[in-house]
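In the text below, chain A, chain B and the rest are named by the order of the sequence lines, each starting its count at 1.
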Amino acid sequence: MQGNLFLYNTLTKKKELFSPLNHPHVGLYVCGPTVYGDAHLGHARPAITFDLLFRYLLHLDYKVRYVRNITDVGHLENDADEGEDKVQKKARLEQLEPMEIVQRYTNSYHNNMRELNVLPPGIEPRASGHIIEQIEMVKEILANGYAYEVNGSVYFDVDKYSEKYHYGILSGRILEDMMANTRELEGQDEKRKPWDFALWKKADKDHIMRWPSPWGEGFPGWHIECSAMSSKYLGEQFDIHGGGMDLLFPHHECEIAQSVAWHGKEPAARWMHNNMITINGQKMGKSLGNFITLQELFSGRHILLSKAFSPMTIRFFILQAHYRSTLDFSNEALQAAEKGLERLFSAFRVLQQLKPSDKSTFAVEEFEKKCYEALNDDLNSPVLIAQLFEGVKLFHSMKEGKDGLKEAELQKLVNLFQLFLFDILGLKETNEGAENGVFNSLVDLILDIRLQAKTKKDFQLSDHIRDQLTKLGFEIKDTKDGYEWTRK
RNA sequence: GGUCGGUUGGCCGAGUGGCUAGGCAUCGGUCUGCAAAACCGGGUACGGCGGUUCGAAUCCGCCACCGACCUCCA
């Protein structure tokens, strides 16, 4: 009944039958966040996409080792090899230790992920905890002749690599084109070629995050961390490497080159990339400054939001689009997702209370088959969700006695809904978000009544309301045309 | 400029040669003291122009527009 899972492989640009290298084990590596700021809506997409994959693989009885890293060093600003380390920069701005920044935003990320009901990965390695492995790898790439040292830094020699291997195999990029398009900058760089990338960088005297190495004190390049950590926990070759499409080049291309230069084999059997979330048709991103953090979404405190949206609404919003399509954010789209999800939940409540009938008028098997087909077709969650909505109509019709199911089939349908809606799509009913919204609205309502009383000069009532609310821990501030409130 | 992808009804978003998802909004109805909610139902969209075909949103060509990557980004 479960059928065969087909997944799109960025490497071959085709949907391919999934079959693990070492059945029933599956090695899954996903690029996690660089922890120098709060997670935004964009971060939720790969997390949820690969959470869906993780959950489905588990359901299919695979033994999945899921590794998702935390990048806490080596990720530079601006130019990949000249900018300041992102974490260090944030630490400097906030006058904190880099590791305090790392801890703060790692915690924040974990909280957000928990709220989104994203299962924690089996291993969550940090780059700074794997310096030795990275140094070892750089040493071996050097020994194999695919890197060179300059002034305390080590760079990957793309030209040398290209003599024997295909640099650009993943991204489809052609080195000659890159050469043709690379003007200026040559000469002023210690790299031999502009497209060479850093494996190890010498730390200048102001650089805080530094480790000893055979080439002097320095820190690892961004790409090498993922190669070192994935190979450490998943072996030289593993099943699936995932991440955002924006990491395809250069990050993932470089990972392949590093692994091949190291042991002659590509690291991952298949690559999966989620598409971007857009806002007004443009990519949502830190550098563009048009992002909305998850915290802002959950609290509603953002100029583009009319209200708070629960984590489950965000999750559902993301799952309503296929992971390889761009998904356009808007307040309106979020409201639509919220209502749709609520309808699905309330339909499930109806389902649970249905009584068996003496005959069945609905093909539960067919329904199950269609649900699996959707997932097997490269994790087509929107089609799965559409299937579930077919159920919504059915449940109401059954409630009115127009349709019916025998006991065994009814139970099966309940189980299927439980499986697809909750276990695999990872949605869950919580009232937290809704209650928060209700709470805020109630306070607003009370203060509206107070404002009316004030307008009518009924100061006894208006003061009574303010005093009582103050006692309860609210701070009320009257403004020119209304009020503001906060809760201590 | 190079590489890749996209353009679907008011909005979000599937699909991919004929069976023309789904959600939200809207409109009509049931229900209801009124309203809301809930439920039922209606509305047949695929950037433009050509071509292939009995038949194209779906294949091919050209054009237009948008975006991603090429520099950090999930």
Side-chain angles (χ1 to χ4, degrees), chain A residues 10 13 30-34 36-37 39-50 68 71 74-86 89 109 168 171-174 176-183 185 194-195 197 222 242-253 273-278 280-291 316-344 346-347 350 370 374 377 380-390 392-393 395-397 399-400 402:
Chain A
T10 315
K13 293 187 196 241
V30 175
C31 289
T34 301
Y36 67 105
H40 59 76
L41 183 56
H43 289 97
R45 194 152 199 206
I48 289 170
T49 296
F50 292 104
R68 190 186 63 206
T71 297
H75 207 160
L76 306 181
E77 290 272 329
N78 304 319
D79 187 285
D81 301 316
E82 297 305 327
E84 184 175 7
D85 186 290
K86 283 171 183 287
K89 180 182 178 190
Y109 181 74
S171 60
R173 231 153 279 256
I174 298 161
E176 286 81 56
D177 292 346
M178 290 170 67
M179 290 182 205
N181 283 302
T182 313
R183 315 131 290 209
L185 288 173
W195 45 83
F197 54 91
W222 176 38
M245 231 168 225
D246 49 350
L247 299 180
L248 209 144
F249 189 92
H251 188 53
H252 292 158
E253 191 71 62
H273 291 93
N274 63 275
N275 214 319
M276 301 292 103
I277 289 180
T278 58
N280 297 323
Q282 244 200 344
K283 175 180 166 178
M284 182 179 282
K286 282 214 165 121
S287 51
L288 294 166
N290 63 350
F291 63 92
F316 187 67
F317 170 68
I318 287 174
L319 289 170
Q320 264 190 311
H322 187 262
Y323 75 91
R324 283 193 290 116
S325 301
T326 54
L327 169 59
D328 201 48
F329 161 87
S330 70
N331 187 68
E332 200 185 356
L334 241 34
Q335 280 178 313
E338 181 175 57
K339 294 212 171 173
L341 179 61
E342 179 45 46
R343 210 154 82 83
L344 218 41
S346 80
V350 170
K370 283 183 178 167
D377 184 15
N380 199 328
S381 54
V383 167
L384 173 59
I385 289 169
Q387 273 307 308
L388 297 180
F389 272 109
E390 291 301 314
V392 173
K393 286 195 186 119
F395 306 155
H396 292 296
S397 168
K399 192 179 172 187
E400 288 170 25
K402 290 183 194 157

(request) Give none if B/rC19 has no partner; otherwise give the nucleotide forming a Watson-Crick or G-U wobble pair with it, both distances under 3.5 Å. (result) none

(message) Looking at A/Gln387 and A/Lys370, would you say the former's side chain and the latter's main chain have a donor-acceptor pair under 3.5 Å?
(response) no

(message) Using Watson-Crick or G-U wobble geometry with both distances under 3.5 Å, which nucleotide pairs with B/rC59?
(response) B/rG51

(message) Counting only Watson-Crick pairs (N1-N3 plus N6-O4 or O6-N4) and G-U wobbles (N1-O2, O6-N3), all under 3.5 Å, who is the partner of B/rG5?
(response) B/rC66

(request) Could you check whether A/Glu400 gets within reach of a base, just the sugar-phosphate, or nothing at all, counting any heavy atom under 4.0 Å? (result) sugar-phosphate

(request) Please determine, for B/rG28, whether a Watson-Crick or G-U wobble partner exists with both distances under 3.5 Å, and give it or none. (result) B/rC40

(request) Locate the shortest heavy-atom distance separating A/Phe395 from A/Ala347; write the atom from each residue and the value. (result) CD1-O, 3.3 Å

(request) Find which nucleotide of RNA chain B each of A/Gln282 and A/His251 is nearest to by heavy atoms, and output the residue with the more 5' nucleotide. (result) A/Gln282

(request) State whether A/Phe50 and A/Arg68 meet the cation-pi test: NZ (Lys) or CZ (Arg) under 6.0 Å from the six-membered ring centroid, and within 45° of the perpendicular axis. (result) no

(message) From C-beta outward on A/Phe249, which listed nucleotide comes closest to its side chain: B/rC72, B/rC70, B/rC39?
(response) B/rC70

(message) Check this for me: A/Lys399, atom NZ, are more than 12 non-hydrogen atoms of other residues, nucleotides or ligands nearer than 6.0 Å?
(response) no

(message) Looking only at the side chain of A/Asp246 (C-beta and beyond, no hydrogens), which of the listed nucleotides B/rC24, B/rC69, B/rG15 gets closest?
(response) B/rC69

(request) Look at the side chain of A/Asn290 and the backbone N and O of A/Gly285, then say whether any donor-acceptor pair between them is shorter than 3.5 Å. (result) yes

(request) From the options B/rA74, B/rG23, B/rG15, select the nucleotide whose nearest atom is closest to the side chain of A/Asn380. (result) B/rG15

(message) Taking the side chain as everything from C-beta on, heavy atoms only, tell me whether A/Leu327 gets closer than 4.5 Å to A/Asn275.
(response) no

(request) Report the distance from atom NE2 of A/His252 to atom P of B/rC69, rounded to the nearest whole Å. (result) 14 Å

(request) Using whole Å, report how far NE2 of A/His273 lies from P of B/rG5. (result) 15 Å

(request) Take atom C1' in B/rC40 and the same atom in B/rA74, then report the distance between them in whole Å. (result) 42 Å

(request) Would you mind classifying the nucleic acid contact of A/Lys283 as base, sugar-phosphate or nothing, using non-hydrogen atoms under 4.0 angstrom? (result) base

(request) State whether A/Arg173 places a side-chain N or O below 4.0 Å from either non-bridging phosphate oxygen (OP1 or OP2) of B/rC4. (result) no

(request) Please lay out, stage by stage, how A/Asp377 and A/Val383 fare under the test side chain to side chain contact (heavy atoms under 4.5 Å, CB included). (result) CA-CA 10 Å; A/Asp377 184 15; A/Val383 167; over 6 Å; no

(request) Return the nearest nucleotide to the side chain of A/Ala386; candidates are B/rA74, B/rA21, B/rC24. (result) B/rA21

(request) Take atom C1' in B/rU53 and the same atom in B/rC59, then report the distance between them in whole Å. (result) 10 Å

(request) Identify whether any heavy atom of A/Gly340 sits under 4.0 Å from a base atom; if not, whether one sits that close to sugar-phosphate; answer base, sugar-phosphate or nothing. (result) sugar-phosphate

(message) Taking the P atom in each of B/rG13 and B/rG50, what is the distance between them to the nearest angstrom?
(response) 30 Å

(request) Please state whether the phosphate of B/rC24, meaning OP1 or OP2, lies under 4.0 angstrom from any side-chain nitrogen or oxygen of A/Arg343. (result) yes

(request) Using a heavy-atom cut-off of under 4.0 Å over every strand shown, decide if A/Met276 touches base, sugar-phosphate, or nothing. (result) base

Between the protein and nucleotides 9-13 of chain B, which nitrogen or oxygen pairs are less than 3.5 angstrom apart?
{"unit_1": "B/rG13", "atom_1": "OP1", "unit_2": "A/Asp328", "atom_2": "N", "d": "2.6"}
{"unit_1": "B/rG13", "atom_1": "O2'", "unit_2": "A/Gln320", "atom_2": "O", "d": "3.4"}

(message) I'd like the C1' distance from B/rG15 over to B/rA56, given in whole Å.
(response) 14 Å

(message) Would you measure the distance from the P atom in B/rG67 across to the matching atom in B/rG29 and give it in whole Å?
(response) 44 Å

(request) Measure from NZ on A/Lys393 to P on B/rC40 and round the result to the nearest Å. (result) 7 Å

(request) Measure the distance from CG on A/Asp377 to C1' on B/rG15 and round it to the nearest whole Å. (result) 10 Å

(message) Measuring only the P atom in each nucleotide, how far is B/rC62 from B/rG2? A whole number of Å is fine.
(response) 15 Å

(message) Work out how far the P atom of B/rU32 is from that of B/rC27, and round it to whole angstrom.
(response) 22 Å

(request) Figure out the CZ/C1' separation between A/Phe316 and B/rA14, and round it to whole Å. (result) 13 Å

(request) Compare all side-chain heavy atoms of A/Arg45 with those of A/Met245 and state whether any distance is below 4.5 angstrom. (result) no

(request) Could you check how far CG of A/Asn290 sits from P of B/rA74, rounded to whole Å? (result) 13 Å

(request) Answer yes or no: is there a side-chain heavy-atom contact under 4.5 Å between A/Pro250 and A/Arg173? (result) no

(request) Could you tell me whether A/Leu247 contacts a base, only the sugar-phosphate backbone, or nothing, with contacts defined as non-hydrogen atoms closer than 4.0 Å? (result) sugar-phosphate

(request) Measure the distance from CG on A/Asn275 to P on B/rC73 and round it to the nearest whole Å. (result) 16 Å

(message) Students often get this wrong, so: under 4.0 angstrom with heavy atoms, is A/Glu390 touching a base, only sugar-phosphate, or nothing?
(response) sugar-phosphate

(message) For a quick test of reading the model: is some side-chain N or O of A/Lys339 closer than 4.0 Å to OP1 or OP2 of B/rA25?
(response) yes

(message) Is it the case that the side chain of A/His43 and the backbone of A/His40 share a donor-acceptor pair, with hydrogens and angles ignored and the cut-off at 3.5 Å?
(response) yes

(message) Rounding to an integer number of Å, can you tell me how far A/Asp85 CG sits from B/rC73 C1'?
(response) 14 Å

(request) For nucleotides B/rG28 and B/rG48, find the distance between their C1' atoms and express it as a whole number of Å. (result) 36 Å

(message) Going by purine N1 to pyrimidine N3 plus the second Watson-Crick contact, or the G-U wobble pair, all under 3.5 Å, which nucleotide sits opposite B/rA14?
(response) none

